[in-house]
Every structure is written in C-alpha cells, then in structure tokens.
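Just so it is clear, the model here is predicted, and its values are computed rather than measured. Labels below follow one simple rule: chain letters A, B, ... track the order of the sequence lines, proteins then strands, and each chain is numbered from 1.
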Amino acid sequence: MSKALPKRSENYSEWYNEIIKRADLAENSAVRGCMVIKPYGYAIWEKMQRALDDMFKATGHVNAYFPLFVPKSFLEKEEEHAEGFAKECAVVTHYRLKANPEGGLMVDPNAKLEEELIIRPTSEAIIWNTYKNWIQSWRDLPLLINQWANVVRWEMRTRLFLRTAEFLWQEGHTAHATREEAVEETERMLGVYADFAENWMAVPVIQGVKTPSERFAGAEETYCIEALMQDGKALQAGTSHFLGQNFAKSFDVQFVNKENQLEYAWATSWGVSTRLMGALIMAHSDDQGLVLPPKLAPIQVVIIPIYRSPEDLATISEKVDPIIAELKAAGISVKYDDSDNQRSGWKFAEYELKGVPIRLALGMRDLEAGTVEVARRDTLTKESMPLEKIVETLTSLLDEIQTNIYDKALKFREANTFAVDSWEDFKSQIEQGGFVSAHWDGTPETEETIKQQTKATIRCIPLDAVEESGKCVFSGNPSSKRVIFAKAY
RNA sequence: CGGGGCAUAGCACAGCCUGGUAGUGCGCUCGCUUUGGGAGCGAGAGGUCGCAAGUUCGAAUCCUGCUGCCCCGACCA
C-alpha cells in the first residue's frame with residue numbers, strides 16, 4: 001500500500017476513489033455498479049440516518065415499509081413517471097431456478113411470472129396504490145410516512161456513493177387535503193434537508209427549484225438543495241417534490257372533504273440517499289484523507305498512548321481510563337488505541353486518513369507535566385493542553401471544529417460563486433468551475449443549448465433569488481432573476 | 001451502448017514482446033532490537049497466473065471464445 005493519497009489538484013476523481021478505499025468507507029463489489037459499504041462508512045451513514053430520522057419524527061412523520069417489488073402495471077399508471085424511470089429498471093421475470101443438465105443452475109422456463117415485477121427505482125407507485133385503501137376522509141389526512149429502503153436504478157456509469165446501481169435512501173411520501181398544505185410540506189422538508197446539510201454535515205447548500213427539464217418524473221415542482229464540491233462541480237444533495245394530484249388521479253386516491261365532496265389527494269415525496277456520503281467526502285476532505293464534521297464522526301476523539309515499555313503503557317492507561325469514562329459520559333465517542341501492532345506514527349496517519357476530528361497523544365512526558373497533546377484534524381495543528389478539565393476543553397473544541405469546517409466550506413463556495421453577464425464570461429467561467437449566477441430567459445430551448453455548448457446545467461432557481469431586470473446570458477431576452485448554472489455530478 | 005484499459009499471493013504490481021515449471025514491494029506469522037509523525041534486521045507461510053477450448057514435448061506467456069471489473073463519453077439522484 002502506498003502511503004500518500006493522490007493529490008486533489010492532480011487527479012480529483014482518483015483522489016476521491018482512493019480516499020474511500022483507504023479510509024475503509026466502501027469498496028466495489030463483485031456485482032457491477034454495486035458497492036459494499038464497510039463498517040466505518042456505514043457508521044457514518046447510521047449517524048446521518050439517526051439525525052434525519054429524528055428530524056422527520058419531530059416534523060410529525062412515522063416510518064413504514066413497502067415492498068421492494070413493484071408490479072409493472074403499477075409503474076405504468078402515472079405516465080410521465082413511468083417514462084422517466086423506464087430506461088433504468090431491473091425486472092424480475094422468473095421465480096425459480098433449477099439444476100442445469102450441463103451443470104450449475106438455470107432459470108426455469110416454466111417459472112415465468114404472469115406479470116413482471118420491477119425492482120423499485122422509487123416507491124410512489126406501490127405506495128399510492130396502497131394509500132388508495134388508507135384514505136377515505138379528510139380525517140385520514142395528512143398521511144405523513146417515511147421509509148428507509150434500498151432502490152435500484154440501472155445506471156450506465158457508476159461511482160462509489162455518488163451513483164451506484166443500488167443505493168440506500170429514505171423516501172418520504174405524504175398525502176394532504178389541500179394544495180397549499182402539500183406545497184408547505186414540500187418546502188418544510190426541503191428546509192429539513194438544508195438544516196441537516198448545514199448543521200450536521202457542515203455543507204452549505206443553496207435551496208431552490210428545478211427547471212421543468214430537471215424535474216422529477218411525475219412532479220409538478222421539484223425543490224432541491226445544491227452543494228458545491230471542491231473541484232468546482234455541483235452536487236444535488238437532496239430533493240423534495242410537490243406531486244400535485246398526479247399520483248392520486250393515476251391510482252384513484254379520493255377522499256371526502258369537509259363539504260362532503262370527493263376530491264383527489266395532494267402528494268409530496270422527498271429523499272436523500274447514500275449520495276450524501278459523497279457530498280460529505282468531497283466537501284471537506286484534503287490530501288491527508290477524510291475530514292469529518294464532529295457531529296457525524298463515528299469516532300470523535302482518538303487517544304494514542306506513547307510508550308516504550310508495558311509498564312509505561314499500564315501507567316498511561318491508568319491515567320486515560322477515567323478520561324475515557326468522562327468523555328463517554330459527556331456523550332463523546334472516543335477510541336483508545338493501545339494496540340501494540342502499530343507504532344504511534346502509523347496511528348497518527350491512520351486516524352487522519354479516517355477523518356477523526358481530534359487526536360490526543362499521551363506519553364510519559366505528558367504524565368509528568370500533567371498535559372496532553374491535542375491535534376485537530378481540520379487545521380492539522382496540535383498543541384499541548386493541561387489534562388485538567390480536558391473534557392470541557394474537548395467538548396467546546398468539537399463545536400469549534402464543526403463550525404470551522406462549515407465556515408471553510410462556505411468561504412469556498414462564496415469564493416467560487418460568480419455573477420456573470422456576458423456569454424463569453426459565462427463560457428470561460430463554467431470552464432473553470434464553480435456556481436455561475438446568470439440571467440436566463442426561462443425557455444427550455446436556451447437551457448438545452450447552453451447545456452449542449454458548455455455541459456453546464458441549471459442547478460436551480462434559488463428560493464431567495466432577488467428580483468432584478470436583466471438579460472439572458474445566452475439569448476439576450478429579458479429575465480427577472482438569476483439562476484445557478486454549474487457542471488454537475 | 002460506443003471507445004480505451006485491466007484480470008498473476010490479502011493488497012499494489014513485474015514477468016508476456018522473444019514459451020522452459022512463479023517473482024518484487026506492502027501486509028501476514030515468529031524472534032530480537034525499537035516506539036513523541038507511516039520502524040529495522042533475521043527467519044517463515046501464502047498463488048489450479050479470471051474461465052473455457054486450442055497450438056506445442058512444454059503455456060502466466062502464442063491463438064480463439066467467454067466472463068468480470070475499472071476509466072473516458074452519451075443517460076441519470
């Protein structure tokens with residue numbers, strides 16, 4: 001194993017792949033396009049899940065689980081939805097194997113399914129088919145359900161975490177009595193995602209709405225959060241859809257309103273996936289390895305003893321044990337690495353690679369002086385601190401690191417967001433990367449032409465876009481606000 | 001689906017052109033010395049060379065077919 005990671009500046013995508021492997025987050029599996037999420041990577045995902053799940057519960061949602069298989073006829077019902085996903089569906093056609101006379105196994109041709117089952121690329125179809133039976137009256141609404149699940153989208157080209165054929169996510173599916181309530185829900189959950197991205201992942205995001213061409217298949221409006229990665233490319237980190245009455249009509253979900261009239265229910269759906277792991281990695285990490293925000297780090301503090309003899313180690317451990325207990329009591333996850341199969345220098349490098357926010361090194365010299373060496377992963381600085389009140393010190397240091405990582409990412413985004421007003425500037429800026437804020441005439445034709453010529457897409461129309469009269473950067477036609485363009489993952 | 005690359009020990013690779021019975025580094029095991037930024041020395045263990053068929057006295061190496069993975073494009077969260 002070579003020691004140094006590839007440099008971000010030299011080969012960003014190689015750096016990304018290597019950091020995932022070396023930090024033990026995930027690896028490619030024997031199955032094309034599918035990854036194995038390893039324990040350390042999964043621990044981060046679990047922390048994400050926990051935080052998000054708490055936020056969903058706090059906004060009134062409950063969890064449930066719907067089937068992996070969607071009958072083809074269900075998927076067909078909402079036309080746009082069906083069309084949008086048709087090209088990337090895995091299909092189950094048989095339900096049995098049998099011994100192959102030539103050895104091994106073969107699909108039993110006598111076990112063909114009457115109707116093919118689609119492995120869910122998303123669950124609107126199966127869920128709205130179910131909601132039909134659950135919703136009769138306005139009193140049954142709103143129905144606020146989330147599920148944690150895996151989905152499959154047969155992508156032509158995959159990348160660890162960013163785009164895999166199978167991925168893990170949560171999908172919220174809600175039903176409401178009024179359009180206003182559903183829109184409100186859509187926006188509320190977008191806010192939850194933005195809150196999570198910024199306050200847990202320490203990744204600043206732009207909240208906005210997608211243009212019609214970038215909309216979710218079957219949605220009336222798609223909201224999104226967009227983050228900027230260190231290589232200047234945008235990453236869609238979460239989406240929230242206002243589905244109107246499209247699915248209610250396709251699956252005939254009607255309820256009796258307060259006026260005793262039949263009405264179609266209003267729908268939303270919203271999701272974030274293991275793609276967030278990719279965002280987390282690419283937003284903060286450096287050439288030494290992963291940089292994790294304390295709130296999502298599986299190990300927040302690692303303690304490494306520096307010793308020569310087993311007696312020294314015993315002395316150090318005796319001093320460390322109560323500190324570990326105190327840290328744990330304070331809710332800080334701590335690892336004491338007293339393994340003797342690696343030297344301290346190796347451990348320093350290893351925990352840096354894994355993004356552990358704080359490292360304590362404690363040797364005999366420290367014991368005599370009553371100090372400990374405290375090293376920060378985010379700044380790569382270290383200093384000697386008194387052991388006294390170390391728990392208080394670390395608690396506030398973790399907060400400081402969380403804030404610092406966010407500030408750093410925010411500064412990066414600000415330094416890489418450019419307002420541009422001419423086509424020439426637009427082209428050269430897009431080439432260099434970053435968010436480009438420019439006027440757009442609102443037509444799909446212009447959007448498509450820009451995409452063809454520059455590979456940049458409209459990431460979103462920011463919710464907080466200021467009204468200003470301007471001219472479309474491409475066509476020169478009038479425009480009332482700027483939109484965000486970027487090359488995207 | 002197009003274009004390229006790769007498949008040899010747990011990992012990273014060399015060997016292939018020019019066929020002769022398997023090699024390097026890391027890791028692993030044991031021992032000694034080390035230990036405040038990826039330790040040193042010594043001794044060991046570990047491989048039906050992706051699969052199948054072919055050429056040959058002999059194939060990791062040459063030929064044919066297959067499979068899988070990675071990278072680059074088109075499509076997408």
Starting at [atom1] of [X] and ending at [atom2] of [N], how long is that distance when rounded to a whole Å?
X        : N      : atom1 : atom2 : result
A:Trp346 : B:rU34 : CH2   : C1'   : 18 Å
A:Leu162 : B:rC71 : CG    : P     : 11 Å
A:Gln288 : B:rG38 : CD    : P     : 14 Å
A:Lys21  : B:rC69 : NZ    : C1'   : 10 Å
A:Glu383 : B:rG36 : CD    : C1'   : 16 Å
A:Met385 : B:rG36 : CE    : P     : 22 Å
A:Ile306 : B:rG37 : CD1   : P     : 8 Å
A:Tyr16  : B:rC71 : OH    : P     : 11 Å

Select one nucleotide: of [options], the one nearest the side-chain heavy atoms of [X].
X        : options                : value
A:Arg153 : B:rG36, B:rA77, B:rU35 : B:rA77
A:Gln342 : B:rG38, B:rC28, B:rU35 : B:rC28
A:Ala349 : B:rG36, B:rG37, B:rU35 : B:rG37
A:Asn17  : B:rA39, B:rC70, B:rC71 : B:rC71

For nucleotides [N] and [M], find the distance between their [atom1] atoms and express it as a whole number of Å.
N      : M      : atom1 : value
B:rG4  : B:rA74 : C1'   : 16 Å
B:rU35 : B:rG50 : C1'   : 43 Å
B:rA45 : B:rA22 : P     : 15 Å
B:rG25 : B:rG65 : P     : 38 Å
B:rC11 : B:rG27 : P     : 15 Å
B:rC16 : B:rC62 : P     : 9 Å
B:rG38 : B:rC26 : P     : 16 Å
B:rU61 : B:rU56 : P     : 16 Å

Secondary-structure notation, RNA chain B, from Watson-Crick and G-U pairs under 3.5 angstrom (| other strand): ((((((((.[[[[.)....(..]]]].((((((.....)))))).....[[[.[..)....].]]])))))))....
Contact under 4.0 Å: A:Arg343 side-chain N or O vs B:rG40 OP1/OP2: no
Within the pair A:Arg365 and B:rG36, is there a side-chain N or O less than 4.0 Å away from OP1 or OP2? no
Can any side-chain N or O of A:Tyr336 pair as donor or acceptor with the backbone N or O of A:Pro305 at less than 3.5 Å? no
Is there a donor-acceptor pair under 3.5 Å between the side chain of A:Lys47 and the backbone N or O of A:Ala297? yes
What is the nucleic acid contact for [X], judged by heavy atoms within less than 4.0 Å: base, sugar-phosphate only, or nothing?
X        : answer
A:Leu235 : nothing
A:Ser344 : sugar-phosphate
A:Glu373 : base
A:Thr222 : nothing
A:Phe167 : base

Check this for me, if you would: do A:Glu431 and A:Lys427 make a salt bridge, where the nitrogen-to-carboxylate-oxygen distance has to be below 4.0 angstrom? no
Heteroatom pairs (N/O) under 3.5 angstrom, protein to nucleotides 73-75 of chain B:
residue	atom	partner	partner atom	Å
B:rG73	OP2	A:Arg157	NH1	3.1

If you go through the side-chain atoms of [X], does one of them form a donor-acceptor pair with the base of [N] closer than 3.5 Å?
X        : N      : value
A:Lys382 : B:rG37 : yes
A:Glu352 : B:rG37 : yes
A:Arg359 : B:rG37 : yes

Which heavy atom in [X] sits nearest to a heavy atom in [Y], and how many Å separate them?
X        : Y        : result
A:Pro6   : A:Trp15  : O-CD1, 3.1 Å
A:Val205 : A:Glu198 : N-OE2, 3.0 Å
A:Ala182 : A:Thr268 : O-CG2, 3.3 Å
A:Arg120 : A:Ala149 : NH2-CB, 3.4 Å

Is the distance between the ring centroids of A:Phe485 and A:Phe426 under 6.0 Å? yes
Of A:Ala361 and A:Lys210, the one whose nearest nucleotide on RNA chain B sits closer to the 5' end is A:Ala361
So which one's nearest nucleotide on RNA chain B is more toward 5', A:Ala375 or A:Arg459? A:Ala375
Reported CD-to-OG1 distance for the pair A:Glu214 and A:Thr222, which is rounded to 0.5 angstrom: 9.5 Å
Partners meeting salt bridge (Lys or Arg N to Asp or Glu O under 4.0 Å) with A:Asp53 (sequence neighbours left out): A:Lys57
Before you tell me yes or no, could you show the steps for A:Phe216 and A:His81 under ring pair (Phe, Tyr, Trp, His ring centres under 6.0 Å), namely the whole-Å CA-CA distance, both residues' side-chain angles and the distance that decides it to 0.1 Å? CA-CA 8 Å; A:Phe216 176 76; A:His81 186 65; 5.6 Å; yes
Taking the six-membered ring for Trp, are A:Trp169 and A:Phe167 parallel (under 30°), tilted (30 to 60°) or perpendicular (over 60°)? perpendicular
